[in-house]
Chemist: 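Dumping the structure here so I can ask a few things about it.
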Amino acid sequence: MRNARGFARNSARSKRGKSAASLDSLKDRVAALAAEYRPGWSLPGAFYSDEAVYRAELERIWRAGWLFAGHSCEIPKAGDYFTLEVGADSIAVVRAADGMIRAFHNVCRHRGSLVCTEAAGHAKKLVCPYHQWTYGLDGKLLACRGMGDDFDKSQFSLKQVAVEEFEGLIYLSLAKKPWDAERARKVISTLARPQGFAKAKVAKTVNYLVNANWKLIWENNRECYHCNVNHPQYTKANFDHFNADDTTPRIKAQIDAAVRRTEELPSQVDPAATRKDGGMTSFPDVDNNIWFSANRTPLADGYVSESMDGKNVAPLMGDYGEFRCDTLRIRTLPNFWNHSSCDHAVSTRLLPVGPQLTSVRVWWLVDANAVEGKDYDMAELVPFWQLTSEQDWEICERQQRGVNSSAYSPGPYSKYKEYNVDAFVRWYMKLLGVKGVEQPRAKDEFELSK
Amino acid sequence: MRNARGFARNSARSKRGKSAASLDSLKDRVAALAAEYRPGWSLPGAFYSDEAVYRAELERIWRAGWLFAGHSCEIPKAGDYFTLEVGADSIAVVRAADGMIRAFHNVCRHRGSLVCTEAAGHAKKLVCPYHQWTYGLDGKLLACRGMGDDFDKSQFSLKQVAVEEFEGLIYLSLAKKPWDAERARKVISTLARPQGFAKAKVAKTVNYLVNANWKLIWENNRECYHCNVNHPQYTKANFDHFNADDTTPRIKAQIDAAVRRTEELPSQVDPAATRKDGGMTSFPDVDNNIWFSANRTPLADGYVSESMDGKNVAPLMGDYGEFRCDTLRIRTLPNFWNHSSCDHAVSTRLLPVGPQLTSVRVWWLVDANAVEGKDYDMAELVPFWQLTSEQDWEICERQQRGVNSSAYSPGPYSKYKEYNVDAFVRWYMKLLGVKGVEQPRAKDEFELSK
Amino acid sequence: MRNARGFARNSARSKRGKSAASLDSLKDRVAALAAEYRPGWSLPGAFYSDEAVYRAELERIWRAGWLFAGHSCEIPKAGDYFTLEVGADSIAVVRAADGMIRAFHNVCRHRGSLVCTEAAGHAKKLVCPYHQWTYGLDGKLLACRGMGDDFDKSQFSLKQVAVEEFEGLIYLSLAKKPWDAERARKVISTLARPQGFAKAKVAKTVNYLVNANWKLIWENNRECYHCNVNHPQYTKANFDHFNADDTTPRIKAQIDAAVRRTEELPSQVDPAATRKDGGMTSFPDVDNNIWFSANRTPLADGYVSESMDGKNVAPLMGDYGEFRCDTLRIRTLPNFWNHSSCDHAVSTRLLPVGPQLTSVRVWWLVDANAVEGKDYDMAELVPFWQLTSEQDWEICERQQRGVNSSAYSPGPYSKYKEYNVDAFVRWYMKLLGVKGVEQPRAKDEFELSK
């Protein structure tokens with residue numbers, strides 16, 4: 001009874017508003033607040049705390065787009081399931097009897113109880129704990145004692161949630177008409193295939209409740225302007241923090257050498273680096289339906305893995321043949337990013353809890369056959385991304401407190417270093433229905449790299 | 001300073017709205033939400049979380065009806081008092097000098113401080129701790145140093161709260177014109193008299209804060225459709241979980257035998273069973289002012305008490321002459337139910353704290369002369385209803401999370417098993433002023449049993 | 001990450017509302033609630049819990065007036081700083097290179113992160129931890145790597161906050177046109193000068209989060225009607241709890257003797273008592289811009305200091321030449337009071353966190369050269385005001401719960417004992433823009449004493 005309390009109350013603060021009148025006033029309020037927005041500058045403060053804005057985001061983004069849910073290797077057998085919460089919506093993701101992954105609103109069609117009550121588990125059928133209405137792994141209502149013989153069970157399946165699987169990454173959409181996912185599937189699948197997510201195992205997860213609006217976490221993620229001082233581990237391994245304004249000839253030579261290292265090695269399976277510059281590839285682009293980005297990016301000299309000392313911390317994953325220094329990077333808006341080295345992969349999932357509260361889960365994956373204590377050691381595997389993540393959450397919580405001030409006013413983005421923060425904010429504003437915002441065209445590195 | 005915090009903030013979230021304009025908009029909002037309601041189906045989700053709905057309930061139900069407050073045996077002597085909180089309203093229930101029980105708003109007429117600051121206590125006079133304004137046990141202002149000689153004390157009595165006592169059960173009403181209580185008094189008093197609540201003592205109380213709307217707790221209470229799997233202890237002792245659709249001839253014979261057992265015994269004081277079927281008596285009925293229900297119900301073979309093994313766990317209470325297997329059951333809306341065996345009684349009181357938070361208190365009573373350790377043992381007395389209660393709170397908290405989902409939609413009630421949930425929901429909607437809801441007529445078992 | 005949570009969420013609940021429409025509706029709501037107010041009576045309940053009222057107060061009072069921030073002795077060297085939070089607004093108070101005290105909104109002009117992240121510290125420059133935008137101690141933006149050569153840094157100074165220092169007491173104002181402070185400076189500085197705040201040191205601070213509206217804390221502070229029973233320590237040392245209605249000839253003689261004691265002593269520096277009666281000097285007076293009050297007040301016979309036994313608990317402060325029994329008292333609305341004995345000083349600062357939550361800090365100061373363990377002992381220095389303060393917070397939290405009741409209605413103030421509570425409430429209502437409230441003229445004791 002105790003555990004669920006804070007959570008439940010929080011998530012409930014921001015629901016309802018279905019009637020036409022309340023949606024109109026929502027729209028009016030968002031439009032009024034958006035009038036203070038100036039492209040190229042950070043968002044007006046209300047966008048990080050206002051309940052109406054939050055409700056609009058749930059509607060236009062979180063219940064419209066594709067959300068990373070988890071890894072297919074977490075539910076290998078028919079009947080395996082896990083649950084997640086998007087705002088106040090609980091979703092069950094299930095491996096069905098036919099081996100396909102399906103997702104349902106985890107809400108009994110009888111009186112609305114949660115059906116799956118554990119964060120993860122295994123079940124032959126999905127049985128509501130309240131009155132034992134029993135659903136198949138395909139969501140169909142199979143039994144409901146006491147409802148009488150004339151009751152039409154076919155009308156009371158669990159409500160379906162759309163699912164896509166990209167090479168072991170499970171996505172779901174709460175929308176009736178989700179965003180188009182074909183291009184995302186092609187780009188992500190092609191780049192992710194050799195990583196072997198589907199034959200990986202989860203070595204570790206850490207859950208965070210971050211006192212910051214989810215957009216602050218993305219804005220932090222979309223630039224490495226803050227990395228030099230805040231991420232001592234990350235910047236040793238990477239080139240992202242070098243941009244057009246501070247990539248010296250020496251650094252450029254290092255990047256080129258790093259790119260060449262991976263291009264020159266003979267390999268059947270390892271694709272070479274697609275990212276050949278410092279900084280970050282341009283993304284997202286709402287006009288071209290680009291809510292995803294993936295690339296292979298070289299690491300600094302001496303790093304074959306994003307680890308504290310650059311050495312590998314686990315055996316090779318997937319189809320990789322050698323300990324090479326490229327990393328796979330995937331991001332999908334609004335809630336996922338992944339950094340994968342040849343030996344391990346780290347996934348980060350955001351879920352909104354309230355205007356100023358975001359639930360974050362971080363997964364560390366290794367090859368399914370790797371044995372803890374023998375093939376890998378938590379003390380080596382975990383610190384690089386645990387430190388980097390927690391450094392960022394602290395930044396975001398400080399920023400949340402600052403943008404809550406009545407004295408906060410939007411500030412200008414650096415064109416060298418924050419082009420992707422700007423792109424994210426424009427993408428967001430356009431999805432919210434704000435007029436007159438131009439979206440720069442994202443480069444298609446995947447296409448270019450072919 | 002620390003303890004009161006969460007509570008105070010919570011209760012304060014849902015107050016005010018006195019001006020005519022805000023009451024109108026309240027009415028409009030409730031009416032808009034009620035448009036989604038379909039009789040025979042569970043309530044639309046907003047009814048379990050919306051602040052406006054909660055304010056309307058406080059006004060139309062909690063500050064209109066009769067609320068169980070506590071037991072008269074808790075305040076045996078003049079000057080004994082206890083306090084309780086109905087939403088943000090603190091009430092003091094006091095045994096006055098004339099032996100009568102009175103209740104007052106526990107709010108000083110000077111600057112509004114709480115007057116009685118303990119959950120229960122004893123006082124010759126009620127003295128506000130702030131400036132020592134002093135009230136008699138009848139609520140009259142007796143002294144207020146510093147206000148000057150021309151100050152008319154008669155205008156500053158504590159605000160009275162209406163009180164009724166039904167054979168040791170204390171009820172109060174915050175209404176100017178409370179619901180009619182005459183029929184309730186007659187039915188409850190007649191059936192409760194032999195139980196001897198007034199000469200009982202409280203052996204144990206447990207307080208819960210349940211993260212669920214108070215209506216979910218009632219809806220859970222009004223059916224035993226959920227009992228088979230959720231209440232292994234309860235279903236061994238009772239027949240309620242058998243309804244018209246699953247009462248086999250064998251079960252019907254068991255019920256008949258149980259009813260006969262109590263009818264056939266010669267007894268001056270023990271009334272025989274009034275409930276002669278499985279399932280639950282139909283209740284409530286707003287059109288006939290039936291917000292209460294009471295009956296004597298047989299227990300299963302081998303059970304003389306609602307205890308873990310069916311044996312008595314304390315000496316006989318009240319006027320009972322023998323360890324018989326009937327139980328007294330009383331329910332009064334919106335906040336009380338009681339199950340009393342021949343040897344002990346268990347009372348449950350609900351009080352709303354917020355749209356998604358309900359304070360619940362459970363009392364275990366035994367005969368006033370019973371001695372702990374000698375005549376009864378907590379480990380035998382408490383588990384049956386502690387387990388059953390906590391099983392229900394967990395159910396309700398899971399349901400709250402489900403109905404908070406944007407995907408929740410009302411589901412159909414079983415006509416065999418949930419007729420009383422439906423009756424409760426219709427009662428509620430009619431009290432809220434929703435038009436076009438029909439209320440089935442409640443059976444008057446008390447009348448029928450005569 | 002954990003610590004800031006409750007705080008951040010709380011403060012965020014009450015922000016925004018900048019658009020003209022929302023300010024209008026704010027004004028309408030406050031006006032509607034004010035219609036229930038009756039001068040001479042306590043405030044209607046909504047004034048202690050309503051979000052709209054709270055937002056109006058932030059606008060009309062907290063972001064308009066002069067707020068006590070801290071003591072200049074806390075930041076003796078250039079680069080020393082401390083931070084404080086007024087509602088959701090974080091402010092940094094800094095000793096600049098020129099030795100002057102300056103204050104800034106602690107919000108980076110880039111993306112709004114908090115700049116100073118500690119409660120207090122030392123820095124040569126103010127460097128935002130996010131992207132290292134670097135500000136001088138005068139708030140000017142000195143460096144912002146990555147913004148390009150054409151970036152006009154002069155437009156991005158930290159937003160200035162007005163500062164006044166009165167003999168070691170630091171005040172700030174978030175207003176563009178703060179209230180006039182000239183008379184306050186003259187009165188407070190003249191009376192405070194011999195106390196030597198500027199050459200004191202902080203011996204102890206205690207922070208409280210009080211579950212009460214800030215006005216309840218002031219209303220408590222503005223009368224000693226509650227002292228007799230609630231403050232056993234305080235009433236032994238003082239005469240404030242005697243008013244026109246209960247100052248007997250014996251008490252009047254004691255007061256006169258106490259006043260004479262300080263007048264008769266030959267002294268260069270110690271000003272004699274300005275307060276020559278029991279009770280409290282009349283204050284505030286919005287029509288005459290009197291938001292401050294200061295006097296020198298005699299202590300009871302046997303008390304040279306507000307300590308448990310009346311004996312001094314530390315060496316003499318400031319310019320005092322003898323252990324005399326006068327005390328300095330300063331109050332400034334909306335957030336400060338100070339009681340200073342010859343040997344130690346106690347400052348209390350209020351900051352609003354939400355409608356029902358106030359952050360309170362209490363400082364104990366002694367002479368800068370006093371050495372703990374040798375010249376003073378915490379166990380002697382702290383209890384008098386720690387006990388008195390905590391007695392008051394408990395009173396205020398009980399009153400908050402009472403005024404939250406739907407049954408609370410305003411009560412009458414005693415003309416003998418609560419004239420200053422009434423004056424405070426009238427001052428407040430006039431600042432909120434409520435029409436038709438008359439403000440009694442405050443006596444100018446300082447003027448009278450000359």
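Quick caveat: nothing in here was measured; it's all calculated off a predicted structure. Lettering of chains follows the sequences in order, A, B, ..., and the numbering in each one begins at 1.
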Chemist: Applying side chain to side chain donor-acceptor pair (under 3.5 Å) to B/Asn230 and A/Tyr130, what does each step give before you reach the verdict?
Modeler: CA-CA 7 Å; B/Asn230 288 287; A/Tyr130 204 161; over 6 Å; no
Chemist: Of the non-hydrogen atoms in B/Pro412 and A/Phe156, which two are nearest, and what is the gap between them?
Modeler: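 Looks like CD-CE2, 3.5 Å.
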Chemist: Scan side-chain atoms only and decide if A/His131 and B/Glu223 contain a donor-acceptor pair under the 3.5 Å cut-off.
Modeler: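 Side chains of A/His131 and B/Glu223: pair found under 3.5 Å.
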Chemist: List the steps, then state whether side chain to side chain contact (heavy atoms under 4.5 Å, CB included) holds for A/Ser113 with B/Arg401.
Modeler: CA-CA 7 Å; A/Ser113 172; B/Arg401 290 175 66 196; over 6 Å; no
Chemist: Using a 3.5 Å distance criterion without hydrogens, assess whether the side chain of B/Gln399 forms a donor-acceptor pair with backbone atoms of A/Arg111.
Modeler: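 Here the side-chain-to-backbone pair exists.
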Chemist: For B/Lys236, look at atom NZ and say whether over 12 heavy atoms of other residues, nucleotides or ligands are found less than 6.0 Å away.
Modeler: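 Result for NZ/B/Lys236: open.
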Chemist: Non-hydrogen contacts under 4.5 angstrom with chain B: give the residues of residues 119-128 of chain A involved, or none if there are none.
Modeler: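 Residues of residues 119-128 of chain A touching chain B at under 4.5 Å: none.
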Chemist: I'd like to know if the side chain of A/Asp89 reaches the main chain of B/Ser406, judged simply by a donor and an acceptor atom lying under 3.5 Å from each other, with no hydrogens or angles considered.
Modeler: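 Flag set: sc A/Asp89 to bb B/Ser406 pair under 3.5 Å.
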Chemist: B/Glu219 versus chain A, heavy atoms under 4.5 Å apart: side chain, backbone, both or neither?
Modeler: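 Both backbone and side chain.
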Chemist: Working to the nearest 0.5 Å, report the span between CG of A/Leu114 and CD1 of B/Ile395.
Modeler: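 Those atoms lie 12.5 Å apart.
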Chemist: For the pair A/Arg145 and B/Asp245, find out whether any cationic side-chain nitrogen is under 4.0 Å from an anionic carboxylate oxygen.
Modeler: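 No, A/Arg145 and B/Asp245 are not salt-bridged.
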Chemist: Count the heavy-atom pairs under 4.5 Å between each of B/Asn243, B/Asn220, B/Asp246 and chain A, then report the option with the highest count.
Modeler: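 Looking at each of B/Asn243, B/Asn220, B/Asp246 in turn, B/Asn220 comes out on top.
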Chemist: For B/Ser42, which atoms come within 4.5 Å of any heavy atom of chain A: side chain, backbone, both, or neither?
Modeler: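 The side chain, not the backbone.
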Chemist: So which part of B/Tyr413 gets closer than 4.5 Å to some heavy atom of chain A, the side chain, the backbone, both or neither?
Modeler: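 For B/Tyr413, heavy atoms of backbone and side chain both lie under 4.5 Å from chain A.
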Chemist: Taking 4.5 Å as the heavy-atom cut-off, does anything in residues 146-153 of chain A contact chain B, and if so which residues?
Modeler: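 A/Gly146, A/Met147, A/Gly148, A/Asp150, A/Phe151, listed by number.
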